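Here's the structure we're looking at; comments come further down.
A, B, ... follow the sequence lines: proteins, then strands. Residue 1 opens every chain. All figures in this text were calculated on a predicted structure; none of them were measured in a lab.
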Amino acid sequence: MKRKNCMLGIGISPRRLPALRRALLAWYDAHGRVLPWRQTSDPYKIWVSEVMLQQTRVAAATEYYQRFTARFATVRALARASEADVLAQWSGLGYYRRARMLHAAAKLVVEEYSGEVPTSEAALRHLPGIGRYTAAAIASIAFGEATAVVDSNVERVSSRMRGAPPNSKDEYWQQASEWLDRKRPGDWNQAMMELGATICLPGKPKCGVCPARRWCVTQGQLSAEKRADSRHKHTVTYLLASKNTKGSKALLLVQRGEEERLMAGMWELPTAESAEADAASVPLLQLKHSITVTDYEVRVIAGTRSRGQGSWVSVRELQSLPFTGLARKILRRLGVLTAY
DNA sequence: AATTCGTGGTG
DNA sequence: TCACCAAGAAT
């Protein structure tokens with residue numbers, strides 16, 4: 001008779017779970033990174049950090065977190081800020097829908113919850129931008145609710161420890177719930193993610209220093225599970241038009257419409273007409289830029305467009321505008337915008 | 001249910 | 001150089 005890969009056959013014996021919990025939590029206590037959002041118990045700030053960390057590395061999110069929580073120190077402060085201001089603070093971090101939903105959720109919290117962040121996973125789940133993962137993360141970390149999280153780290157760690165990925169997404173959540181340390185749910189969740197982010201790496205896991213090795217089936221013998229996703233390719237040409245007015249320099253920029261599906265309301269360079277693009281022999285700048293599933297070949301040419309859409313913006317005002325990441329990259333490369 | 005959203009580090 | 005991928009959510 002063939003053995004089936006059911007949960008009972010492939011998981012960790014319940015008898016061995018307490019020791020696993022102790023080992024992983026001890027490792028986390030001793031080796032967990034000191035991160036700014038781990039130094040606070042403010043639910044609002046933990047919420048901000050969790051949204052910033054959605055599909056975003058710790059290294060990228062850290063400085064944004066510091067700036068954002070300094071600028072908007074409370075839910076109320078965020079709620080009364082303008083969307084442009086919020087987007088400007090988010091500029092460069094990507095996935096701008098997160099910023100809009102966080103802003104909208106902050107307003108909701110002020111109006112519907114008297115400015116107090118909802119304290120349960122179930123209530124958090126109703127706020128825009130808070131899905132299954134984020135609701136459980138905030139509830140466990142900020143409020144100590146005994147609820148487990150599953151992110152891509154937990155999926156990888158869990159698959160390797162079990163020896164194989166489960167048959168469905170839901171089994172990840174079921175297993176995470178079984179493994180959860182219900183005395184320290186927030187720390188346990190962060191420990192699992194920390195393990196995936198620093199030890200149980202996608203490419204080559206550092207099994208030699210892994211605190212969970214005793215409980216791991218694969219121990220580095222990972223079955224390849226890669227998929228090649230086809231990417232789209234596009235070429236785009238932007239125009240750099242500048243003029244001097246009263247001794248101050250201004251650039252021609254365009255703001256995306258509020259109804260745009262992508263990056264609404266954010267600023268970028270005007271695109272060149274095809275005739276202009278063809279006529280320009282030597283671009284000022286040429287670079288590659290990828291936006292999720294599309295690879296762009298970007299050219300920037302000099303121009304002096306006097307009519308058409310766009311606004312002349314003084315270079316002094318540039319720092320406060322919510323630029324798209326591509327626009328920021330271009331302006332930085334051209335030396336127009338100093339790094340920030 | 002499969003796609004799409006941004007960006008930067010990494011090997 | 002370039003494909004992979006990261007504390008996911010919404011549609």
Can you see which heavy atom on A:Val117 is nearest to which on A:Phe143, and at what distance? O-CZ, 3.9 Å

Rounding to the closest angstrom, what is the interatomic distance between C:dC4 and B:dT3 at atom P? 16 Å

No-hydrogen, no-angle side-chain donor-acceptor test under 3.5 Å, A:Arg38 and A:Gln190: yes

Donor + acceptor pair across side chains of A:Thr147, A:Glu121 (<3.5 Å): yes

Just jot down the side chain to side chain contact (heavy atoms under 4.5 Å, CB included) partners of A:Arg316, sequence neighbours excluded, or say none. A:Ser248, A:Ser314

Is there side-chain contact between A:Val300 and A:Leu269, with heavy atoms separated by less than 4.5 Å? yes

Between C:dA7 and B:dT4 - P atom distance, rounded Å: 23 Å

If I pick the P atom on B:dG8 and the same atom on C:dA9, what distance separates them, to the nearest angstrom? 22 Å

Can you sort out which residues in residues 123-140 of chain A have a heavy atom within less than 4.0 Å of DNA chain C? Ascending by number, please. A:Pro128, A:Gly129, A:Ile130, A:Gly131, A:Arg132, A:Tyr133, A:Thr134

Nucleotide C:dA7, atom C1' - distance to CD1 of A:Ile141 in whole Å: 8 Å

Pick base, sugar-phosphate or nothing for A:Met52, based on heavy-atom distances below 4.0 Å to the nucleic acid. nothing

Determine, for A:Tyr95 and A:Arg98, whether the Lys NZ or Arg CZ falls below 6.0 Å from the six-membered ring centre while staying within 45 degrees of the axis. no

For A:Tyr64 and A:Gln89, does a side-chain donor sit closer than 3.5 Å to a side-chain acceptor? no

Using a 4.0 Å heavy-atom cut-off, does A:Ala61 contact any base of the nucleic acid, only the sugar-phosphate backbone, or nothing at all? nothing

Taking for each residue the nucleotide of DNA chain C bearing the nearest heavy atom, is the 5' side occupied by A:Lys288 or by A:Met101? A:Lys288

Spell out protein contact along nucleotides 5-11 of chain B as letters: B when the base is contacted, S when just the sugar-phosphate is, - when no protein heavy atom is under 4.0 Å; keep the 5' to 3' order. BBBBB--

Between C1' on C:dA7 and CH2 on A:Trp188, what's the gap in Å once rounded to a whole number? 16 Å

Rounded C1' spacing from B:dA1 to C:dG8 in Å: 16 Å

A:Leu53 has an atom CG; how far is it from atom P of C:dA6, in whole Å? 13 Å

Return the value, rounded to whole Å, for the distance between atom CD of A:Glu155 and atom P of C:dA7. 12 Å

Checking all strands, does A:Trp90 fall into the base, sugar-phosphate, or nothing category for heavy-atom contacts under 4.0 angstrom? nothing

Could you tell me whether the side chain of A:Arg162 and the main chain of A:Ile12 form a donor-acceptor pair under 3.5 Å? no

Is there a donor and acceptor pair closer than 3.5 Å between the side chain of A:Arg33 and the base of C:dA7? no

Provide, to the nearest angstrom, the distance between the CD atom belonging to A:Glu297 and the C1' atom belonging to C:dT1. 13 Å

Of A:Trp37, A:Trp90, A:Trp47, A:Phe72, the one forming a ring-ring contact (aromatic ring centres under 6.0 Å, His included) with A:Tyr65 is A:Trp37

